[in-house]
Amino acid sequence: MSASDDAAEASPLEVRTLSIAALPKELVRELASVLRSDGPLGPRVRGRMAFVSKEKILSAASVVALLGLGIVSAIQLGRPCSPHDSLDFIPLFLALGLPIALLVTRAFERRLAVARCPLPAGVFVLSRDAVVVEGDQLFVAPLASVAGTSGPTRVPGSRDPELSLWLEGLPALSFQVAGKGAAEAAARAEAAIESVRRGEGGKDSLAELRRASLWDRAPRVGLRAHYVRSLLLSLPVAALLGVALFFARNEVSDAMALAAASSDTTALRCYADNGGARAHEVRTRTLPDAAYAEALRADTPDALASFVASYPGTSHTDEARAQLYDRAYTDAQESSWSLRAFLERYPDAPQIADVRAALPVMSLREAIATDDVGAYTYVIHQYPGTPQALEATRRRHARYETARASGNGGREAEATAFLAALFGYLEAQEGPDVLVRFRTPDSEMLSAFDDAVRSRNDEPIERIAPSFSYRLNAQREMLVFDRLVSAFARIAPNDVLALAHGRPLQPALGEVALAAQLMELPEEERTDEEARLRAAADDDSGAPEIRVLYDVLPTFGVFDLVETSDPLADLLGGSIGRRPAAPRHFAGFVVHFDVEMRVPGEPTRRRFELDVEPPASFLVDGGEESPTVGTIYELMATRAFDQLGERLVAAFFAPSEGADRADLGSDDLPR
């Protein structure tokens, strides 16, 4: 085995890591002299210790942590509704700050160790050994233990290239050398290693160190990184760094959020409500200023009113209130309604006196424009004793006088007297509705009608009762009501006199039934009960009424259904069609109407009576089949009610030309 092989085999045992602080001062001074000069030629190669792999990973982690801090800090940065992160984010900032704090701690430790070390720091390739002075450690590796070299290699992000010595059984020893002499340094290191391998190494510069007793006790390991100690030292640094970054981020975000909110009241309110650092200043000054500027831009009473209500104690409140009153008063002069609204909404406004003075004048002007009784009545009650109320009273009275004059000339004196009393009542009571009420014939009377007619005729007579059911009567009554409404509208508009369809009247109170009911009571109770029953049967509504009470009475005449062959009638659609298999007979009748008119407070109940009946003959079209009983009786009843409507109108008002048609001819009958 050669000498180089022996050295290579023994070299791993010669690797040592010593504490510089444990070395004798004389030996330290000698080592310092050796490392600085190494004889007349100086050290063969000298470089700065490069980061080991763990520190490179730490550097990469620190870059990632910085990027993460930037991303976390940018989330919702400067938003008015989230001006700062909650304290829950602090652990995240601490975790991201730990790699950075550890890197800073390691760099500080290295710089401090270099400053305190009595030996020059760096990597030295001597004639026989590679020496590393790192902090308070001295690492010695014989060149015979170097398996090889690599480099110089320029590492990204580094100014100088790196050389690496590959040690047997230990991590590679990497160090940086000056860029200009990198190739020469690599060649010199390789030559020294080859020289040692050939057994031609130069002077042993560390002979005194090897002879020291400390050498044999030194551990045969590489440099110790002390990461546990660095990690413990970096924890408080990470805490300070994370907390500082968290609060710095929140401070920046708060300032950006406030700047972004600017004059936007919604954003400013959101900033203050979510705990911005200057929330108090925003609420007391910035927000009111922005809200006032916004109200001025809107230039509406509602915007100014909203500002006054929302910010009652600011420096702009009085000015805004004054502008509000001026603007609202200007807008309110459009109508009496808006003036009343101004009066109710702004009772403290300085324009209140002007509003109160203008209200009667404007209300009367509007009432005159509409010429409505209700509008005049409002002025009379709302502003009593004013000239406007007196003028409204005069004009309202003139409306009723006009209606009275239009109601003269009816055929029935009772109806004319009723209208005169009615208009006086309506004027005094401020125009309640006039009810039109009907009392439908009793079904028992209609059955008795049929029985009486049949008993006096040998031929079967069609029954009339089904044709006067409650539903059919209600339809006919509505026809009469509609005709009255149209007639009254010609002389008195709805604001003077309004007709309303009242509830049906109760059936008539039979005297025999009343007497039988009273006989069952003690004598002392009969008077009161009779008054109560008569009042209930009378069913007085307390309002003016036109009551139409009617009964269907037999004439004991008989209508026969016959076939017509009149070509003209056939052409006009008046044919009854085929002859029935057997003759059919229909009862003649008369509808007796009793019209009663009531005015509350008037002791006299005015009334008149009308009798209407079908014509002696009439045409009816039954189509392809014979007409039904309902069709014929419906035609007869409808014509009777049609006459009632005409005669009622004529009773109250002078009839128009052609409206009075007493005779019933076939030409004016519906087909």
Side-chain angles (χ1 to χ4, degrees), residues 7 11 14-23 26-52 110-111 113-153 160-168 170-197 200-212 214-215 218 220-224:
S11 60
E14 298 297 324
V15 174
R16 297 287 192 279
T17 299
L18 300 94
S19 172
I20 297 175
L23 296 176
E26 294 79 4
L27 186 56
V28 170
R29 284 194 294 269
E30 182 179 348
L31 286 173
S33 176
V34 168
L35 295 177
R36 288 192 177 96
S37 62
D38 191 28
L41 298 177
R44 293 183 179 276
V45 178
R46 179 179 178 178
R48 300 183 304 279
M49 186 67 182
F51 276 173
V52 296
R110 172 177 288 186
R111 182 173 294 276
V114 168
R116 297 173 59 183
C117 183
L119 299 177
V123 178
F124 303 87
V125 179
L126 306 180
S127 57
R128 291 178 177 269
D129 302 282
V131 179
V132 179
V133 178
E134 178 67 9
D136 61 346
Q137 299 178 88
L138 177 67
F139 174 72
V140 179
L143 294 181
S145 65
V146 177
T149 63
S150 63
T153 303
D160 296 325
E162 286 187 4
L163 295 178
S164 297
L165 303 180
W166 299 93
L167 304 178
E168 295 180 0
L170 293 174
L173 182 63
S174 299
F175 57 97
Q176 294 178 330
V177 295
K180 292 183 179 180
E184 181 183 355
R188 290 168 59 189
E190 184 66 28
I193 294 171
E194 289 297 324
S195 177
V196 170
R197 287 176 178 173
E200 299 175 355
K203 173 185 176 183
D204 185 4
S205 303
L206 304 180
E208 291 296 327
L209 179 62
R210 288 190 173 88
R211 285 194 290 267
L214 190 63
W215 178 264
R220 295 173 173 81
V221 294
L223 288 168
R224 289 169 292 184

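Remark: W166 CH2 is loosely packed, at most 12 non-hydrogen atoms of other residues, nucleotides or ligands lying under 6.0 Å away.
Between V132 and the choices T17, L165, V140, V123, the side-chain contact (heavy atoms from CB on, under 4.5 Å) rule is met once, by V123.
Counting all heavy atoms, side chain and backbone alike, L119 lies closest to A32 at CD2-N, 3.5 Å. Heavy atoms only, all atoms of each residue included: A218 and L18 are closest at CB-CG, 3.7 Å.
Using a 3.5 Å distance cut-off with no hydrogens or angles, the side chains of E190 and T149 do pair a donor with an acceptor.
The distance from the CG atom of L35 to the CD atom of E30 is 10.5 Å, given to the nearest 0.5 Å. For the atom pair CG (L143) and CD (E194), the distance works out to 11.0 Å, reported to the nearest 0.5 Å.
When the side chain to side chain contact (heavy atoms under 4.5 Å, CB included) test is applied to A22, the partners found at least two apart in sequence or on another chain are S19, L214. Every residue meeting the side chain to side chain contact (heavy atoms under 4.5 Å, CB included) condition with A141, not counting sequence neighbours, appears here in chain and number order: V15, F139, S145, L167. Checked against side chain to side chain donor-acceptor pair (under 3.5 Å), R211 has the following partners two or more places apart in sequence or in another chain: E208.
A 4.5 Å side-chain heavy-atom check between L206 and R16 finds every atom pair outside the cut-off. Within the 4.5 Å cutoff, side-chain heavy atoms of V133 are placed close to those of F124. Using a 4.5 Å cut-off on side-chain heavy atoms (C-beta onward), L138 and L209 make contact. No side-chain heavy atom of P142 sits under 4.5 Å from any side-chain heavy atom of V196.
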